[in-house]
Amino acid sequence: MKLTRREILTAFFGLPFALSACRSNSENKPVAGEIVGANVDVGHILRENRNYEVPNNNWENVKVAIIGGGAAGLSAAYKFQKSDFSDFVLLELENKIGGTAQSGTSDIVPYPWGAHYLPVPFQENAELIALLDEMSLTEGVKETGEIIVKEQFLCREPEERVFYKGRWYHGLYLHAGESETDKREYEEFYKQVDFWVNWRDSNGKRAFVLPVADCSRDADVLALDKLSFGDWLRQKGFTSERLFWYCDYACRDDYGLKLDQTSAWAGLFYFCSRVRKSGDESQPFITFPEGNGRFINFLSDKIKDKTRLKTVVLEIVPSEKGVDVIYLNTANNEIRGLRCEKAIFAAPVFTARFLIRDFKKGAPAHLQEFEHNAWFVANLFLKDRPKTRFARDFPLAWDNVLYESPSLGYVNSTHQKGLDYGAAVFTYYYPMCHEENARAKLFALDHQELADIVLTDLSRAHPNIRELTEKIDVMRWGHAMISPRPNFLWSGARDEAQKPFRNIHFAHSDLSGIALFEEAFYHGIRAASEIISAK
Amino acid sequence: MNKQVPLLFLNVIIIATCGLIYELLAATVSSYVLGDSVTQFSLVIGIYLSAMGVGSWLSGYLDKDLAKRFVEIELAVAVIGGFSAPLLFLTFASLSYFNLILYGTVFVIGALVGLEIPLLMRILKDELDFKKLVARVLALDYAGALVASLLFPIFLVPKLGLIRTSLLFGLLNAGVGIWGTWLLENLIKKRELTILRIKGFIVVILLLVALIKADSLTTLAEDALFADNIIYAKSSSYQRIVVTKGKTGYSLFLNGNLQFNSFDEYRYHEALVHPAFAAHDGQPKRILVLGGGDGLAVREILKYPSIESVTLVDLDPLMTQISKSVPALGELNKNSLNDARVSVVNNDAFVWLDANNAEPFDIAIIDFPDPNNFALGKLYTTRFYNLLKKKLKPDSAIVIQTTSPLFARKSFWCIMKTLEASGFHVKPFNTTVPSFGIWGYALAKLEPFEAPQKPSENIELKFLNENSFASMFEFSADTNLPKDEEIEINRLDNQALVRYYESEWRRFE
């Protein structure tokens, strides 16, 4: 059944906003653009749960198969290359490498389709720093031992602004019009953050640090995973609406979850893991017009000859000697097989139960705990950027957030390139954490409906956004990121999932419970190292 | 009718005054916007007078309803004359056919005014004998001209401005027209009287609305904002450009900020350009200018015979275009942007430096607006200066305008520190530009150097000589580097300069 415009807008933004939007925009011209990304039907072949026959002469021998060409799979390949091991192939379902860190290109500027920044890693994260060095992003080391990232790769000021009741304000936390209580609670909140930044366990480990594997397992810290971030705030006596909004925004931004859906451990991780010591600023962001696509392109350029795109892995069959990987080449609909010694499973964890033969009959219980959430990301191609409406409005920033919207607002891709006038590409993010049956709802919408949602939302701040927009492309991420809900991160499921299963090693940010490039990178390197050291 | 004759004579004075005012307005507007006042006054007076002749001649073809025609002509003059100055200012933005509109308007007003006196004389011919009639009407006509010529420069232009003057005299003309329907009541048919009066009141209302609304219209509002008369105003995709003409000369404003005044701009531009040449040891051939779309820095650069090429990178194509096409600006920059050695690139200098593979330059002159927003602030960052370095030779010299060390002391020294952090050796200097106040610059090279003490020889300069040149490198106690304050370096990821600048200039708002 086709939904009306009002019904769709109500589902996304609530009835009052939908009514006013329908009143003021009775006529909407169709917008150019398309839905991009993987064909859902191809992905869902996996769920058919069949056994496949590979013709005899379609088998080839390769030592290692990497399944999945996102940040984790590419990081594993990078580690192999660095270790002079080259007998591997990488299989990717889509026609584009990168998973949720992939990017697109336009005449003006490249733009992200998902992940779009990396906080400068602490000096301890040596593997990741080595990657940054190799990419020539750094220029030396400070006296403290922390790396110096070249100026042009650090997010340019102005970094963030927030739109509230008709005006744009500096920053992400809304300071304008705050009450004494708001101020006090904001300060108190950061005291709590400071406490956890400085906290160390008996072995000197931090409570929150990247990668998650280096975090303390002290009971005091893990207790935070047993309640939601919202409950934690309430238990601490916080009441400030704007503080709750701020924390809710953080959860939606990093995890695609609402405040009350997010583990308090994950909530505090967001605020604490990138602060060196109390009083320090959060680590600055490394970013590029194409977002983390820069990392993906760097990693994937090295292994072009080993990458097979548009290949649907149908089944992974562990054997006595190794592991067989059966896949469909969608270019010619040919079923092919790889006889491997080892495989790295670098796809989202939930897909393991549709792919690994032993799991098809009965998936291990820990796999049930991995839940993913749905997002959609839209790239708006604008012929000109919206003008500031009031002289005192804070100007267009890198990250532009709408206080009253369930979306995350948009990132301006031209920002980091220094393009401050004229045409621009805005990347709009919408985590579907407010909706019931989010995934089904998302896939029921066509391009025009999704474009209308984006434009209607942005017209709160930019009334003429429709005239400025020449094209909108939309990516639907059905399983965008792992959900760090309470009682998942430290239940033991992650530890179980990370153990090799026969000759299959696992690598994915899902295994950290937190969808960050650093985590994907960590697991890719780890899985590859496991295989190398076993040799 | 007889009693009303003196009143009709009063009309003659008003009509004559109005007529001359429109003529003066057109001549003034055109000399403001097109420059060359001798030509403009001469052309406008010539066209106006000949058009009056055409009008007088045409009056011979009017036979019936003279009184009604007279009122109608008054109302037409009220509309066309009254709106002439606003019309000319608004259409100047569309330069290509401005001349046509200007001279067309002058001709139409002239022709209508030329009709007035002959018609009035024919209406009055039955009341007086011919000898007296001619004597009085013409005497009063010339007296009105005197009133106008005295009022215009002494009271009208300085107190009301051109646009309000224009509208006000339109109202006077309309008043004469409406009054005429009473004075000449028995010469006009009853039914037509009513129609004429309605028309008259519509004209009055239109002019009144325009007079009241004058302030809320953008261009006209600027008229009040700027002390001087606006001769050019247009918004490009990047900024609002306004050129004004006042007692001290022409001024250019970008987004309301003064860029130069022709009275003392030579001080600013000589200081901007010549220290770089004095600090360069060889024969500079390739010059880069970033910003400076007004062409005034290029004017100074072209004084050096060794110049082979000048590349000017300015964001706004409208700015560089009007520097070539608005005569007042072209006169001031000596048509520098049309020189064969000069090539103009319209791009953001940051983006251009990042993307461009141009050969290195001997001298770079950097003349951006002050860093009052992030988009401008990025042009003063370590990143920007590092990009610039790649376009320089080891012995290149650069000068950068760096805002006022008096009004924005921390901002000024922040730029110096930023340049040093980018690997430049810097000699800060400052001078007085009355329109701006104490103004600051940075002279910088990639190799260590001594501040030059005098300008290069054989260059014709109005401001710089040995005394003024050497003294520019001295800083007073209140403009010197603040001793006790930590000053940050301006980087893309902190934009410290924009914060300094905003807090320092806010004190003067």
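Model, not experiment: these values are computed from the prediction.
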Residue, of B:Asp354, B:Asp348, B:Thr381, B:Leu315, that accumulates the most heavy atom pairs under 4.5 Å with chain A | B:Leu315
Interface moiety of A:Lys417 toward chain B, non-hydrogen atoms closer than 4.5 Å = backbone
OG1-NZ distance between B:Thr382 and A:Lys150, expressed to the nearest 0.5 angstrom = 13.5 Å
Residues B:Arg491, A:Leu154; criterion side-chain contact (heavy atoms from CB on, under 4.5 Å); working and verdict | CA-CA 10 Å; B:Arg491 294 165 49 89; A:Leu154 293 175; 3.6 Å; yes
Could you check A:Asp420 against B:Lys378 for side-chain contact (heavy atoms from CB on, under 4.5 Å), going step by step and ending with a plain yes or no?
-> CA-CA 10 Å; A:Asp420 291 324; B:Lys378 75 172 186 248; 2.3 Å; yes
With side chains defined as the heavy atoms from C-beta onward, is the minimum distance between B:Val351 and A:Leu419 less than 4.5 Å?
-> yes
With a 4.5 angstrom heavy-atom cut-off, which part of B:Leu387 approaches chain A: side chain, backbone, both or neither?
-> neither
Between A:Phe153 and chain B, which part of the residue has a heavy atom less than 4.5 Å away: side chain, backbone, both or neither?
-> neither
When you measure from the side chain of A:Glu157 to the backbone N and O of B:Gln495, does any donor-acceptor pair fall under 3.5 Å?
-> no
So does A:Asp107 have more than 12 non-hydrogen atoms from other groups sitting under 6.0 Å from CG?
-> no
Contacts satisfying side-chain hydrogen bond (donor to acceptor under 3.5 Å, both in side chains) that involve residues 365-374 of chain B (not counting sequence neighbours) are B:Tyr268-B:Asp367, B:Asp370-B:Gln401, B:Asp370-B:Thr403, B:Asp370-B:Tyr501
Against chain B, label A:Pro158 side chain, backbone, both or neither, depending on which of its atoms sit under 4.5 Å from a heavy atom there.
-> both
Rounding to 0.5 Å, atoms CD (A:Glu159) and CG (B:Asn494) come to a distance of 11.5 Å
Cut-off 4.5 Å, heavy atoms of chain A, and the answer for B:Phe350 is side chain
Do you know the tightest heavy-atom contact between B:Asp493 and A:Glu151?
-> OD1-CG, 4.2 Å
